[in-house]
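The structure appears right after this line, and notes come after that.
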Amino acid sequence: MAKHFIFPLFLLAGFFSHAQLYKKPVYPQNYFRWPTLLSPDIVANMGELRPNHWHMGLDVRTNQKVNQQVVAAADGYIAFVGIEPLSWGRWIIINHPNGLSTLYGHLNDFRPDLEAYVTNHQYQEESWETHLDIPPGKFPVKKGDFISYSGTTGGSQGPHVHWEVIDTKSGRRLNPDLFGTPFNDIYPPVVAKLVMYDRNNSTYDQYPVSIPVHRSGSAYTVPGELLQTAFNNLGFAIQAYDTWNSAGNRDGIYSAQLFFDGREVSSFYIDSIGYNSTRYMNCQIDYKMKANGGAWVQHLSKLPGDRGGVYYDLGWNNNTIRLKDTSEHDVLILVSDTRGNSSTLSFKLRNSGTAPPGIKPYEWLPNRLNRIFKYDFEAYLPMFVLYDKMNSGYARFASGGGSSISARHKLGENDIPAHSDFEVRVKPEKPVAPEDRDRVVIKRTGSSNTVKKASWNGEWVSALFRDFGTFEAFVDNTPPSINSLGSGEIVNLSRSSRIAFTPTDNFGVAGFRAEIDGRWIRFTNDKGRTYLYYFDEKVPPGEHTLTVTVTDIVGNKTERSWKFRRGGGSVADEPVRERSKTSTRKAASGKHTVTKKQSSTRSKTAAKTAAGKTTKKTAGKKKK
């Protein structure tokens, strides 16, 4: 065993000879203050692995409480305010004079003047969901100025503040811990598992070899300190996490480097990421393993379709390990955090000399156009949709019945990721009446369900999707449903503090509008399903009329009205006589999307830029 502890030091000499290839970013230290008045503490760091994205900042602890004061991290001005379902919920972006911006998310009420400004804008636009660029001189701030109260809005699972540092011009998120966060970290990352892959074949088309690791201090090795394999072109992945205190939160690792016989073969660093690249996390991990209930493991060698930018280009022609003989070779994996704490996993590697697995043929390859043509189904995948080789896995099944107008078409597998939109075309096998042609949707069924309004192209209908699954076309003539406000000719809401609606639809709700006494009233939709209005000065004591209109993605509409009373006085408990009207109407746009299982990155990508150059979010929904 003594040899093992000397071994990493020998290989680290090779590491230092290559260290000049990567230069850690140098950022101004202590320019930013902590964004709350509480003792500095975090519950998640940048690079923590999340569904469909890396975590792009710090989750700042607020002691499990809401309504803690959030303050400006440095001088500047409030440049942007966002409000939307899921994602960051309510958030602020501040631009700073040094070319950086900071984002503060999951907030409750903003400071009073900003809250009034945003509320006025919402009522002018008649929209709760808001993406508001603010003129530079409107809300200047000094370092430490109060800007908002903390909360748990949006996709937050508990009270905290999401905090990011942004390069204002490019919109790239920079690792906040590289700016000097005010807490110590003396703990090296933990390596929990090693996984080995045959890189001659697709990583999605094999059962990788999972190898336990043994630890002594910050040094790790494998059982017997030797791996033997028939693979002659192989890659490794690791399950690893970082922790900065004795509480042991499992945060993301900053970097991992792979050395083979003292030469650095591949490495990745989570130092800066753009929101247009964060979905590449799906190929930096073993997506198939995680989708099937396994661990988060991160590839040390990038997949051929990875264009995300976290892997460092060392200039070699290959970033995997080639075993061309049966000699023993040295492997070192160096895992580090932002503070320089590191752990090593080292072992010997040898080709067993037995025949390697055969190289399989694949229909589809990354970095090229891929397509499939059947007599009633087609799919067109642009160049950068795939991360690795795969087969289409196409299968055709009979229609599901009901309002279905096509067969069911399976494409790919639920545990293989797609990076960007691809077009699916379906040819209906049932006639569609002229008045129903604008009410056709295509539904994707998989680990989650996605519904899109279809466009016609001759006898075919088409829509864009970003996940594989089973696709089927339907005519949707069913309007949404709206729960009742209450009972009685005039509903008594004198003791109520709010009104709540949770509308439903067979393929998903696309629009919600409420009016009181003929004027738009602001209902929130923070968690993506229930619409809430908390009584305020907009509804004084007295009798009022509430009208709610809900629309689905093809324009089917349901409208219901009630009379209600605020204030004193009894109300007869009679059966409610409400005005209820349902109808179908063409949707204003064919670009609406309803995703049954929404991802928290849906609008983070839409709001990826802020800092004076915010890209406005489109009306459609996207995934986490």
Side-chain angles (χ1 to χ4, degrees), residues 24-48 54-78 88 91-107 111 141-152 156 158-168 172-190 241-255 269-273 336-342 611:
K24 189 175 181 179
V26 178
Y27 298 132
Q29 299 298 293
N30 303 314
Y31 179 84
F32 297 117
R33 62 151 291 149
W34 198 242
T36 72
L37 303 180
L38 304 172
S39 297
D41 196 0
I42 63 172
V43 291
N45 67 347
M46 182 167 175
E48 184 173 299
W54 289 284
H55 190 240
M56 303 286 269
L58 302 181
D59 279 351
V60 174
R61 192 183 296 276
T62 58
N63 298 335
Q64 301 294 316
K65 298 178 181 179
V66 298
N67 294 325
Q68 305 298 302
Q69 290 194 40
V70 180
V71 299
D75 293 357
Y77 64 90
I78 296 174
W88 301 304
W91 78 94
I92 290 172
I93 292 176
I94 297 176
N95 284 1
H96 305 288
N98 65 346
L100 300 177
S101 302
T102 47
L103 182 150
Y104 313 74
H106 305 308
L107 306 175
R111 74 186 204 192
V141 294
K142 290 292 185 180
K143 188 174 186 177
D145 280 357
F146 168 69
I147 59 171
S148 181
Y149 291 102
S150 68
T152 183
S156 170
H160 70 276
V161 175
H162 178 81
W163 187 58
E164 296 183 351
V165 177
I166 309 167
D167 176 78
T168 307
R172 291 184 67 83
R173 271 49 180 176
L174 311 180
N175 195 318
D177 202 38
L178 297 178
F179 289 83
T181 44
F183 46 77
N184 295 322
D185 179 4
I186 61 172
Y187 297 90
V190 174
Y241 59 89
D242 191 31
T243 181
W244 72 270
N245 64 16
S246 58
N249 285 339
R250 295 192 172 192
D251 298 327
I253 61 174
Y254 171 67
S255 68
Y269 302 85
I270 309 297
D271 52 22
S272 68
I273 305 170
S336 304
D337 64 20
T338 55
R339 310 298 181 89
N341 303 306
S342 62

How are the rings of F179 and Y27 set to each other: parallel, tilted or perpendicular (split at 30° and 60°)? parallel
Taking S272 for the side chain and R173 for the main chain, is one N or O donor matched with an acceptor at less than 3.5 Å? no
Just by modelled atom types, is the I147 backbone N or O under 3.5 Å from a matching donor or acceptor in the D145 side chain? no
Tell me whether the count of non-hydrogen atoms from other residues, nucleotides or ligands lying under 6.0 Å of NZ in K24 goes above 12. yes
Looking only at heavy atoms, what is the nearest atom pair of S148 and I92, with distance? CB-CD1, 4.1 Å
Just so I know, are the side chains of R111 and V141 near enough to count as touching, which here means a heavy-atom distance under 4.5 Å? yes
Minimum heavy-atom separation for S336 to P189, with atom names? C-CG, 3.8 Å
Between the CH2 atom in W244 and the CG atom in N249, the distance rounded to the nearest 0.5 Å is 8.5 Å
If we ignore angles and hydrogens, is there a donor and acceptor under 3.5 Å between the side chains of Y77 and N95? yes
Nearest heavy-atom approach of W54 to G47 is CD1-O, 3.8 Å
Testing the basics here: between I166 and L103, what is the closest heavy-atom pair and its distance to 0.1 Å? CD1-CB, 4.1 Å
Over all atoms of both residues, closest heavy-atom pair of P28 and N98: CG-ND2, 4.3 Å
Between Y241 and R250, is there a cation-pi geometry (under 6.0 Å to ring centre, at most 45° from the normal)? yes
Does Y149 offer a backbone N or O that forms a donor-acceptor pair with the side chain of N67 under 3.5 Å? no
Distance (rounded to the nearest 0.5 Å) between D337 CG and S342 OG: 8.0 Å
Under 3.5 Å, is there a donor-acceptor pair between the side chain of N175 and the main chain of I270? yes
Could you give the distance from CG (D251) to CD (E48), rounded to the nearest 0.5 Å? 5.5 Å
Report the distance from atom CH2 of W163 to atom OG1 of T36, rounding to the nearest 0.5 Å. 10.5 Å
Can you find a side-chain donor-acceptor pair between T181 and R339 that sits under 3.5 Å? yes
Can Y104 and T102 be counted as having a side-chain donor-acceptor contact under 3.5 angstrom? yes
Any side-chain to backbone donor/acceptor pair from K143 onto Y31? Under 3.5 Å, distance only. yes
So, taking the atom named CE in M46 and the one named CG in D177, what distance separates them when rounded to the nearest 0.5 Å? 11.0 Å
Which of parallel (below 30°), tilted (30 to 60°) and perpendicular (above 60°) describes H162 and H55? perpendicular
In V43, I42, V161, the residue satisfying side-chain contact (heavy atoms from CB on, under 4.5 Å) with D59 is V43
A side-chain contact here means heavy atoms from C-beta on lying under 4.5 Å apart; do Y254 and D242 qualify? no
Any idea which heavy atoms bring P188 and N341 closest together, and the distance? CA-CB, 3.8 Å
At what distance, to the nearest 0.5 angstrom, does NE2 of H160 lie from CD of Q68? 14.0 Å
